[in-house]
Asker: 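Take this structure, written in structure tokens, and hold onto it; I'll ask about it next.
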Amino acid sequence: MSGPRVRFAPSPTGYFHVGSARTALFNWFVARQSPDGVFLLRIEDTDADRNREEWVDGIVAAMHWLGFDPDEGPFRQTDNTDAHRAAVEDLFRGGYLYPCACTSDEVAQRKGDNKTPGYDGYCRDRDVPRGPTTGLRFRTPREGATIVHDKIRGDVVTENAVIEDFVVARSSGAALFALANVVDDRNDRITHVIRGEEHLPNTPKQILLWEALSTTTGVTVPIPEYAHLPILVNEQRKKLSKRRDPVAVESYRDAGYLPAAILNYLSLLGWSPRGDEEKVPLSVCIEQFRLEDVSHSPAFFDLKKMAHMNGEYIRELSPEDFLAAAAPWVTPWTSKWQPTEGAPPWTQETFDFAVWEAVAPLVQERVALMGEIVPMIEFFFVSEAPFDEAAFDKTIRNDDKARELLSRSLDVFGDCEWTSSSLHAAVVALGETLELNLRKAQAPVRCAVTGKTVGPPLFESLELLGRERTLQRVREALAKAGG
RNA sequence: GGUCCCAUCGUCUAGUGGCCUAGGACAUCACCCUCUCAAGGUGGAGGCACGGGUUCGAAUCCCGUUGGGACUGCCA
């Protein structure tokens with residue numbers, strides 16, 4: 001008894017779509033549930049317009065980054081064109097196909113606004129000779145019904161009479177998706193077809209093709225189990241589209257999402273682990289996943305929730321792992337991979353690893369995305385405080401007490417012990433002289449030194465920044481405010 | 001238009017006829033913690049689309065209505 005053979009069959013598009021990632025993930029779950037399960041990657045590149053070798057590399061790379069390398073593949077559908085053409089001939093000889101010379105314009109025109117579904121069967125009985133301008137259509141049975149035994153949705157019955165005579169082969173002789181896909185699934189001995197719901201309407205056609213192929217070739221391959229996953233939608237409840245929605249997995253990598261967080265979040269779209277805990281390791285998903293439990297309705301891809309989960313994953317990293325994970329953003333010169341945008345405003349020369357290492361634990365519990373680290377620690381590694389002008393105006397320029405406090409801080413900071421606790425006490429005392437509580441008193445100092453109103457804990461930051469640079473920044477802020 | 005799919009808090013979901021006073025998570029609000037911001041903790045508000053059945057009993061089963069979506073290509 002051999003295990004399940006599943007396939008992930010994306011068409012190359014130049015980036016890796018999150019919806020595809022979710023589909024791949026669920027396929028992968030099924031494969032990993034059996035010791036001898038096979039997860040196969042097949043690139044459906046039969047459309048010449050979408051066939052670029054680097055796009056294939058992109059898919060493979062993205063999948064590798066996410067953590068699921070295929071057990072077999074990547075295969076390319078175009079490598080099987082001979083088999084596809086042979087299948088076309090088999091079907092034609094078997095009488096399942098007929099030539100059609102209609103252009104799509106003609107079909108649409110005849111259709112007008114009547115209720116005929118799709119193609120009207122115009123050439124079905126016209127004995128149109130095969131030629132360079134004739135495609136081949138499938139002679140759909142007029143009687144009976146085709147049933148998709150969907151693992152998720154149950155039996156989906158389609159009357160054959162409403163299935164149009166769909167095109168199977170181009171005038172060039174090349175097989176179209178519906179056939180090529182079936183031929184490859186047969187050859188690859190696929191046992192479970194797990195794909196997006198958008199494929200549900202053409203599944204009856206593929207079952208018809210599958211049966212016809214078994215008849216004409218004399219090779220009967222069991223029809224696979226089908227499972228159609230609910231699609232992922234945007235806020236408008238429309239299918240996620242690359243035009244409007246941020247869907248590229250690569251862009252999430254750039255932003256600083258961790259693979260484990262992405263996968264965990266994706267696993268929750270249409271499915272959920274048992275119990276009340278949503279943050280679960282992949283091993284638990286593999287153990288518990290069942291196609292029968294996948295929900296039927298579309299799921300909104302909620303970036304906020306994924307970001308929150310990413311924060312949880314970041315926080316549970318060990319200090320070493322956090323440093324390593326942050327390297328592409330913080331110390332890109334040490335990292336093989338860097339995000340495509342957002343290089344830090346510092347260089348290897350102006351950077352101080354000891355400072356970063358010391359402040360990292362404080363940062364780790366404050367970010368949800370790795371990309372948020374840079375603006376948070378920027379002030380350590382650039383020559384002048386990176387001022388947020390609005391914050392400066394509010395907390396320093398337009399606040400007399402704040403400027404007075406900064407003036408007085410020069411003396412205090414000049415000779416107090418340079419530790420976070422002493423600095424803390426110093427600012428408290430300073431505030432008292434001006435009747436400011438610590439909340440109020442720390443604000444101008446923070447802004448003067450870091451340029452911002454928010455950031456890592458101030459006194460630890462001052463300690464790490466050092467006495468001289470702190471004094472320098474307070475002076476600069478005072479000068480800037482004095483105008 | 002046609003075919004098909006779908007319908008539990010704003011969102012993702014648990015729920016498979018009594019355990020439901022419908023549970024969890026994100027988001028949101030309040031409070032606690034607190035040097036800012038987060039994180040964390042506690043608590044609150046918030047949902048079974050509607051109408052009929054079936055049943056002693058329905059979020060759960062059936063029918064209809066309404067609403068949403070996918071598909072409708074010599075794309076995949």
Side-chain angles (χ1 to χ4, degrees), chain A residues 9-13 44-47 49-50 77 100 102-104 107-108 111-119 133-137 148 150 153 156-159 162-164 166-172 174 176-178 180-181 195-204 228 230-231 233 235 237-239 265 268-279 295-309 311-312 315 362-368 372 376 395 420 423-424 427-428 431 437-443 445-447 450 452-460:
Chain A
S11 59
T13 47
E44 309 244 309
D45 58 351
T46 49
D47 184 354
D49 291 346
R50 306 193 212 168
Q77 192 156 58
C100 170
C102 301
T103 65
S104 31
V107 174
K111 187 175 166 188
D113 46 22
N114 73 19
K115 294 138 192 76
T116 318
Y119 180 67
T133 59
T134 57
L136 257 24
R137 285 183 185 271
V148 181
D150 194 279
R153 283 150 219 283
V156 179
V157 181
T158 306
E159 295 296 328
V162 304
I163 303 176
E164 64 177 311
F166 54 98
V167 178
V168 165
R170 297 185 172 90
S171 2
S172 68
L176 254 10
F177 162 76
N181 190 258
R195 67 214 318 192
E197 188 188 353
E198 66 269 22
H199 287 290
L200 188 52
N202 60 46
T203 304
H228 288 93
I231 55 168
V233 297
E235 251 169 321
R237 308 302 301 181
K238 303 281 190 195
K239 186 165 78 165
Y265 176 68
L268 263 22
L269 261 21
W271 181 77
S272 64
R274 290 186 209 114
D276 283 342
E277 195 55 58
E278 290 189 327
K279 182 172 170 295
S295 81
H296 301 182
S297 42
F300 170 58
F301 181 69
D302 187 353
L303 224 36
K304 279 213 181 82
K305 183 161 179 173
M306 185 163 80
H308 176 270
M309 184 162 269
E312 292 186 302
R315 258 162 262 128
L362 302 176
V363 172
Q364 184 174 1
E365 60 184 21
R366 285 175 167 71
V367 294
E372 293 168 358
M376 198 173 282
T395 57
S420 60
L423 288 161
H424 182 280
V427 173
V428 169
N437 60 25
L438 185 53
R439 180 185 178 85
K440 284 289 206 180
Q442 60 87 37
V445 179
R446 179 185 296 281
C447 185
T450 72
K452 297 181 169 67
T453 58
V454 301
L458 181 62
F459 306 113
E460 285 81 352

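Numbers restart at 1 for each chain; the letters A, B, ... are given by sequence-line order, proteins then strands.
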Asker: Can you say whether a donor on the side chain of Ser171(A) sits under 3.5 Å from an acceptor on the base of C74(B), or the other way round?
Answerer: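 Pair found.
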Asker: Mind checking the C1' distance from G40(B) to U34(B)? Whole angstroms is fine.
Answerer: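 So the two C1' atoms sit 11 Å from each other.
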Asker: So, Glu365(A) side chain and Leu362(A) main chain: donor-acceptor pair closer than 3.5 Å or not?
Answerer: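 Not at all, since once roles are kept as given, no pair shorter than 3.5 Å links the two residues.
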Asker: If you assign Glu365(A) and Phe459(A) each to the RNA chain B nucleotide with the nearest heavy atom, which residue ends up on the more 5' nucleotide?
Answerer: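 So the residue in question is Phe459(A).
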Asker: Can you check the Glu235(A) CD to U11(B) P distance for me, whole Å?
Answerer: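 It works out to 10 Å between those atoms.
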Asker: Within less than 4.0 Å of OP1 or OP2 of A76(B), is there a side-chain N or O belonging to Thr46(A)?
Answerer: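 Answer is yes, contact under 4.0 Å.
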Asker: Using a 4.0 Å heavy-atom cut-off to protein, can you give one letter per nucleotide of nucleotides 19-33 of chain B, 5' to 3': B if the base is in contact, S if only the sugar-phosphate is, - if neither?
Answerer: ----SBBSS------
Asker: Quick one: Leu200(A) CG to U72(B) P, roughly how many Å, whole number?
Answerer: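 Roughly 13 Å, once rounded to whole Å.
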Asker: Relative to the 5' end of RNA chain B, which residue comes earlier, Val367(A) or Cys102(A), by the nucleotide with the nearest heavy atom?
Answerer: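 So the residue in question is Val367(A).
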Asker: Which whole number of Å gives the distance between the C1' atom of G23(B) and that of C48(B)?
Answerer: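 Approximately 13 Å lies between the C1' atom of G23(B) and that of C48(B).
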Asker: Between the main-chain N or O of Val233(A) and the side-chain N or O of Arg237(A), is there a donor-acceptor pair closer than 3.5 Å?
Answerer: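 Checking the backbone N and O of Val233(A) against the side chain of Arg237(A), no donor-acceptor pair under 3.5 Å is found.
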Asker: Given U13(B), is OP1 or OP2 found less than 4.0 Å from the side-chain N or O atoms of Ser295(A)?
Answerer: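 Yes, because at least one side-chain N or O of Ser295(A) sits under 4.0 Å from OP1 or OP2 of U13(B).
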Asker: Of all the choices, C37(B), C4(B), C12(B), which nucleotide is nearest to the side chain of Val156(A) once you look at every atom?
Answerer: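 Given the options C37(B), C4(B), C12(B), the side chain of Val156(A) is closest to C4(B).
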Asker: Can you check whether any acceptor in the base of C5(B) is under 3.5 Å from a donor in the side chain of Arg153(A), or vice versa?
Answerer: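 When only heavy-atom distances are counted, Arg153(A) does not reach the base of C5(B) through any donor-acceptor pair under 3.5 Å.
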Asker: Give a yes/no answer on whether the side chain of Arg446(A) brings an N or O atom under 4.0 Å of OP1 or OP2 in C35(B).
Answerer: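 Arg446(A) to C35(B) OP1/OP2: no side-chain N or O under 4.0 Å.
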Asker: Would you please confirm or rule out a distance under 4.0 Å between OP1 or OP2 of C5(B) and any side-chain N or O of His296(A)?
Answerer: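 False: His296(A) side-chain N/O out of range (4.0 Å or more) of C5(B) OP1/OP2.
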Asker: Whole angstrom is fine here: how far is it from CD in Glu198(A) over to C1' in U72(B)?
Answerer: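 Result: 14 Å.
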Asker: Is Arg170(A) close enough to A76(B) that one of its side-chain N or O atoms is under 4.0 Å from OP1 or OP2 there?
Answerer: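 Arg170(A) to A76(B) OP1/OP2: side-chain N or O found under 4.0 Å.
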Asker: List the residues meeting salt bridge (Lys or Arg N to Asp or Glu O under 4.0 Å) with Lys440(A), not counting sequence neighbours, and say none if there are none.
Answerer: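 Not a single residue meets the salt bridge (Lys or Arg N to Asp or Glu O under 4.0 Å) criterion with Lys440(A).
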Asker: How would you label the contact of Thr203(A) with the nucleic acid (heavy atoms, under 4.0 Å): base, sugar-phosphate, or nothing?
Answerer: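 Here Thr203(A) touches no strand at all.
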Asker: Listed by chain and number, what are the salt bridge (Lys or Arg N to Asp or Glu O under 4.0 Å) partners of Lys452(A), not counting sequence neighbours?
Answerer: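 Scan of Lys452(A) (salt bridge (Lys or Arg N to Asp or Glu O under 4.0 Å), adjacent residues dropped) gives Glu378(A).
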Asker: Going by ring-ring contact (aromatic ring centres under 6.0 Å, His included), name the residues that satisfy it together with His424(A), two or more places apart in sequence or in a different chain.
Answerer: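 Applying ring-ring contact (aromatic ring centres under 6.0 Å, His included) to His424(A) gives Phe459(A).
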Asker: Would you measure the distance from the P atom in G41(B) across to the matching atom in G51(B) and give it in whole Å?
Answerer: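 It comes out at 40 Å once rounded to the nearest Å.
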Asker: Please measure how far the C1' atom in U36(B) lies from the corresponding atom in U28(B), and state the result in whole Å.
Answerer: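 The same atom, C1', in both gives a distance of 22 Å.
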Asker: Can you measure from CG (Leu200(A)) to CD1 (Ile231(A)) and round to the nearest 0.5 angstrom?
Answerer: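 Reported to 0.5 Å precision, the distance equals 11.5 Å.
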Asker: Take the protein atom CG of Asn181(A) and the nucleotide atom P of A76(B), then report the distance between them rounded to whole Å.
Answerer: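 So the two atoms are 10 Å apart, to the nearest Å.
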Asker: Would you compute the distance between atom CZ of Arg446(A) and atom OG1 of Thr395(A) and round it to the nearest 0.5 angstrom?
Answerer: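 Separation between the atoms: 10.5 Å.
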Asker: Identify, with sequence neighbours excluded, every residue that meets salt bridge (Lys or Arg N to Asp or Glu O under 4.0 Å) alongside Glu372(A).
Answerer: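 Partners of Glu372(A) under the salt bridge (Lys or Arg N to Asp or Glu O under 4.0 Å) test: none.
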Asker: Among the candidates C4(B), U72(B), A76(B), find the nucleotide nearest to the side-chain atoms of Glu164(A).
Answerer: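 For Glu164(A), the side-chain atoms sit closest to U72(B).
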Asker: Whom does U28(B) pair with, Watson-Crick or G-U wobble, provided both distances fall under 3.5 Å?
Answerer: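 With both distances under 3.5 Å, U28(B) matches G44(B).
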Asker: Counting only Watson-Crick or G-U wobble pairs whose two distances fall under 3.5 Å, which nucleotide matches U36(B)?
Answerer: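 Partner of U36(B): none.
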Asker: Under the rule for side chain to side chain contact (heavy atoms under 4.5 Å, CB included), what residues qualify as partners of Arg195(A), not counting sequence neighbours?
Answerer: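 For Arg195(A), the residues satisfying side chain to side chain contact (heavy atoms under 4.5 Å, CB included) (neighbours in sequence not counted) are Arg7(A), Phe177(A), Asn181(A), Val193(A), His199(A), Asn202(A), Thr203(A), Gln206(A), Tyr226(A), His228(A).
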Asker: Taking any strand in view, what nucleotide pairs with G18(B) in a Watson-Crick or G-U wobble way, both distances under 3.5 Å?
Answerer: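 Answer to the pairing question: C56(B), which forms a Watson-Crick or G-U pair with G18(B).
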Asker: Report the nucleotide, chosen from C12(B), A76(B), C74(B), that has the shortest atom-to-atom distance to any side-chain atom of Val167(A).
Answerer: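 Ranking C12(B), A76(B), C74(B) by closest atom to the Val167(A) side chain puts C74(B) first.
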Asker: Paired with A49(B) by Watson-Crick or G-U wobble geometry, both distances under 3.5 Å: which nucleotide is it?
Answerer: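 Result: U65(B).
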Asker: Determine: side-chain N/O of Arg439(A) to OP1/OP2 of U36(B), distance under 4.0 Å, yes or no.
Answerer: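 Yes.
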Asker: Kindly write out the residues that satisfy salt bridge (Lys or Arg N to Asp or Glu O under 4.0 Å) with Arg153(A), not counting sequence neighbours, or none if the list is empty.
Answerer: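 If we apply the salt bridge (Lys or Arg N to Asp or Glu O under 4.0 Å) test to Arg153(A), skipping adjacent residues, the hits are Glu197(A).
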Asker: Compare the minimum distances between each of C35(B), C4(B), C37(B) and the side chain of Val454(A), then state the nucleotide with the smallest one.
Answerer: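 Given the options C35(B), C4(B), C37(B), the side chain of Val454(A) is closest to C37(B).
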Asker: Provide the distance between the two P atoms, one in A22(B) and one in U16(B), to the nearest whole Å.
Answerer: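 Taking atom P in both A22(B) and U16(B), they lie 15 Å apart.
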Asker: Between C37(B), C35(B), C12(B), spot the one nearest the side chain of Phe300(A), thanks.
Answerer: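 So the nucleotide nearest the side chain must be C12(B).
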Asker: Rounded to whole Å, please give me the gap between CG in Leu303(A) and P in U11(B).
Answerer: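 The answer, rounded to whole Å, is 17 Å.
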Asker: Counting only heavy atoms from other residues, nucleotides and ligands, does the tally under 6.0 Å from CD of Glu235(A) exceed 12?
Answerer: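 Counting neighbours around CD of Glu235(A), 12 or fewer heavy atoms of other residues, nucleotides or ligands fall under 6.0 Å, so no.
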Asker: What interatomic distance, in whole Å, is found between P of C63(B) and the corresponding atom of U54(B)?
Answerer: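 Taking atom P in both U54(B) and C63(B), they lie 15 Å apart.
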Asker: Write down the distance between CD (Gln364(A)) and P (G40(B)), rounded to a whole number of angstrom.
Answerer: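 Distance, rounded to whole Å: 13 Å.
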Asker: Check the interface with nucleotides 60-69 of chain B: list each N/O to N/O pair with the protein under 3.5 Å, or write none.
Answerer:
unit_1, atom_1, unit_2, atom_2, d
G69(B), OP1, Lys238(A), NZ, 2.6

Asker: Under 3.5 Å for both donor-acceptor distances, Watson-Crick or wobble: does G1(B) have a partner, and if so which one?
Answerer: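 Across any shown strand, G1(B) pairs with U72(B).
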Asker: Expressed as a whole number of Å, how far does the P atom of A59(B) sit from that of G1(B)?
Answerer: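 To the nearest whole Å, 33 Å.
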Asker: Considering residues at least two apart in sequence or located in another chain, which fulfil the side chain to side chain contact (heavy atoms under 4.5 Å, CB included) criterion with Thr133(A)?
Answerer: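 For Thr133(A), no residue satisfies side chain to side chain contact (heavy atoms under 4.5 Å, CB included) once neighbours in sequence are set aside.
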Asker: Looking at Glu164(A) and Tyr119(A), would you say the former's side chain and the latter's main chain have a donor-acceptor pair under 3.5 Å?
Answerer: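 Answer holds: yes.
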Asker: Tell me: CZ of Phe301(A) to C1' of C12(B), nearest whole Å?
Answerer: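 In whole Å, C12(B) C1' lies 12 Å from Phe301(A) CZ.
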Asker: What is the distance, to the nearest angstrom, from the CZ atom on Arg195(A) to the P atom on C5(B)?
Answerer: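 Atom-to-atom, Arg195(A) to C5(B), this comes out as 16 Å.
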Asker: Between the base of C35(B) and the side chain of Glu460(A), is one N or O donor paired with an acceptor at under 3.5 angstrom?
Answerer: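 Present.
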Asker: Any base atoms under 4.0 Å from Ala299(A), or only sugar-phosphate, or nothing? Heavy atoms, all strands.
Answerer: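 The answer is sugar-phosphate, as Ala299(A) gets under 4.0 Å only of primed atoms, P, OP1 or OP2.
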Asker: Of the listed nucleotides (C12(B), U8(B), C5(B)), which one gets closest to any side-chain atom of Ser297(A)?
Answerer: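 Looking only at heavy atoms from C-beta outward on Ser297(A), the closest nucleotide is U8(B).
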Asker: Could you measure between the two P atoms, the one in C50(B) and the one in U55(B), and give it in whole Å?
Answerer: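 C50(B) and U55(B) have their P atoms separated by 23 Å.
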